[in-house]
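Owing to the predicted nature of the structure, the values given are computational and were not obtained by experimental measurement.
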Amino acid sequence: GHSFPVWSLQLRGSHLISGSHDCTLRIWNIDTGDCVRVLHGHNSLVLCVAVDNKRIVSGSYDGAIKVWDLAAALNAGSSSDSVCIKTIKEHKDWVWAMQFDDFQFISGSYDGTLVIRSFLDPTSPFPEI
């Protein structure tokens, strides 16, 4: 398991995604209890996780948000480099909350801001709220 406390959990079908103080996310098969993938890439503890059928979005203590390809993460043959598809640094402080749908995600931070980003055009952020 994780080497430090777990801060966030999200369940999707037969998989559980956990985010931890050890700066990783882990994908667990809830039927077997096995960890099927460890996702490395955050430089600070992972505080929040959201998941759908296509992707995982995670937020961390250093304000970074990562978008992960769920299918690639579940494919044991895929390289670690192909799993994280985007890193976004919009917040100045901890990312505490995350929600998304097919088109956009919204993150909330300890810095008092909400950031809305489009999955369709991730280079053009919506204004902070």
Q: Kindly give the heavy-atom pair with the smallest separation between Cys84 and Thr87, and that separation in Å.
A: SG-OG1, 3.9 Å

Q: Looking only at non-hydrogen atoms, find the nearest pair between Trp28 and Gly1 and report the distance.
A: CH2-CA, 3.6 Å

Q) Nearest 0.5 Å, what's the NE2-OH distance between His42 and Tyr61? A) 15.0 Å

Q: Go through the steps to decide whether Ile65 and Phe105 satisfy the test side chain to side chain contact (heavy atoms under 4.5 Å, CB included), and finish with yes or no.
A: CA-CA 10 Å; Ile65 298 164; Phe105 71 86; 3.9 Å; yes

Q: Give a yes or no on whether the backbone of Asp31 and the side-chain of Asn29 come within a donor-acceptor separation of less than 3.5 Å.
A: yes

**Q.** For the student: nearest non-hydrogen atoms of His15 and Leu11, plus distance
**A.** O-CD1, 3.4 Å

Q) Between Ala72 and Ser82, what is the shortest heavy-atom contact and its length? A) CB-O, 4.1 Å

(Q) Any heavy-atom pair between the side chains of Leu39 and Ile17 that's under 4.5 Å? (A) no

Q. Taking all atoms of both residues into account, what is the closest heavy-atom pair of Cys23 and Ser44, and its distance?
A. SG-C, 3.4 Å

Q: Determine the sole option in Gln10, Met98, Lys66 for which the side-chain contact (heavy atoms from CB on, under 4.5 Å) test with Ser58 is passed.
A: Lys66

Q: Go through the steps for Leu16 and Leu9 under the test side chain to side chain contact (heavy atoms under 4.5 Å, CB included), then give the verdict.
A: CA-CA 7 Å; Leu16 177 74; Leu9 297 170; 4.0 Å; yes

Q.
I'd like to know if Ile88 and Val95 are part of one continuous hydrophobic network [Ile/Leu/Val/Met/Phe/Trp/Tyr, side-chain heavy atoms within less than 4.5 Å].
A. yes

**Q.** Any donor-acceptor N/O pair, Arg55 side chain to Ala50 backbone, under 3.5 Å
**A.** no

Q. Could you state the interatomic distance from CG (Leu114) to NE2 (His91), rounded to the nearest 0.5 Å?
A. 7.5 Å

Q. Is there a donor-acceptor pair under 3.5 Å between the side chain of Ser20 and the backbone N or O of Pro5?
A. yes

Q) Where the side chain of Arg37 meets the backbone of Leu25, is there a donor-acceptor pair that is under 3.5 Å apart? A) no

(Q) Parallel, tilted or perpendicular: which one describes the rings of Trp94 and Tyr110, with boundaries at 30° and 60°? (A) parallel

Q: Nearest 0.5 Å please: distance from the CG atom of Asp111 over to the CD atom of Glu90.
A: 10.5 Å

Q) Run the side chain to side chain contact (heavy atoms under 4.5 Å, CB included) check on Ser78 and Val83 step by step: do they pass? A) CA-CA 7 Å; Ser78 65; Val83 178; 4.1 Å; yes

Q: Kindly compute the distance separating CD1 (Ile56) from CG (Leu74), expressed to the nearest 0.5 Å.
A: 7.0 Å

Q | Heavy-atom pair with the smallest gap, counting every atom of Cys35 and Val38 | A | SG-CG2, 3.9 Å

Q | ILVMFWY network linking Val57 to Leu70, side-chain heavy atoms under 4.5 angstrom | A | no

Q) Could you go step by step and tell me if Thr24 and His40 meet the side chain to side chain contact (heavy atoms under 4.5 Å, CB included) rule? A) CA-CA 5 Å; Thr24 68; His40 298 275; 3.6 Å; yes

Q. Got a second to check how far Ser118's OG is from Phe100's CZ, nearest 0.5 Å?
A. 13.5 Å

